[in-house]
Amino acid sequence: MAHTLPELPYSYQALDNFVGVQTMEIHHSKHHQGYVNNLNAALEGLDDLAELSVEDLLRQIGSVPADKRQAVINNGGGHANHSLFWEILAPSGTGGEPSDKLLNDIVSTFGSADAARELFSTAAGTRFGSGWAWLVVDGSGGLQIYSTANQNSPLMEGDTPIIGLDVWEHAYYLKYQNLRPSYVSDFIDGFINWKTVNELYASAKS
Ligand code: MN3
């Protein structure tokens, strides 16, 4: 069963006031499609691995043959990371709020919501080159904020991402150019789908 590009839960136009229509369309239909195509190519002839969901494939990355492993890390990671990213974005004003449970756990873990925001912004802002910033649920059920390089997925470390922000230049450059911090703060303030994040958190904790 080949991996396929997921439909977006909104139109390309719906995020025009975030990164812009053109970036949404190229990012989804070209970049993400490219990761899907390259993942399927890497899995050719590996029938057992090709049956797995992309998330399970990354959790079991050690079972991928060595000559295919980096291609799966890059393109399976690219597929999983973007699939999450589209789901945790929402058009401005529609994303809701963090649940009481998530907010309480953020405060008890990081000290305050502002401290968590600062950590996330720093992780996103200081990732040199291309990568992602994450809020994850770790293997012990705790929250962590960090960044990864390239398309490396937290799933490979046994963590479950509940927020991911793409900080590759292709994600924001047409709108924000060199101003990655503005892209990050606009994301946090206006375009997170907290309803979905709350569901992902509840699911990761169960
Ligand atoms: Mn991207």
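Numbering of ligands and ligand atoms starts at 1, following listing order.
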Practice item. State whether a side-chain donor-acceptor pair under 3.5 Å links E44 with N40. Key: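 Side-chain D/A pair, E44 to N40: absent.
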Point to revise | No-hydrogen, no-angle side-chain donor-acceptor test under 3.5 Å, D166 and H27 | key: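 Yes, because at least one side-chain N or O of D166 sits under 3.5 Å from a partner of the opposite role on H27.
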Review point. Centroid-to-centroid, H82 to W132, below 6.0 Å?
Key: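 Under 6.0 Å, so yes.
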Review point. Near the Mn ion (ligand 1), is there an N/O/S atom from H27 that is less than 2.8 Å away?
Key: yes
Review point. Strictly under 2.8 Å, is any N, O or S atom of H32 next to the Mn ion (ligand 1)?
Key: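 Coordinating: no.
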Check your understanding: Can you tell me the N, O or S atom of D166 that's nearest the Mn ion (ligand 1)?
Key ->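 Of all N, O or S atoms belonging to D166, OD2 is the one nearest the Mn ion (ligand 1).
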Check your understanding: Could D189 and R117 be called an ion pair, given the rule that one side-chain N must be under 4.0 Å from one carboxylate O?
Key ->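 Salt bridge present between D189 and R117.
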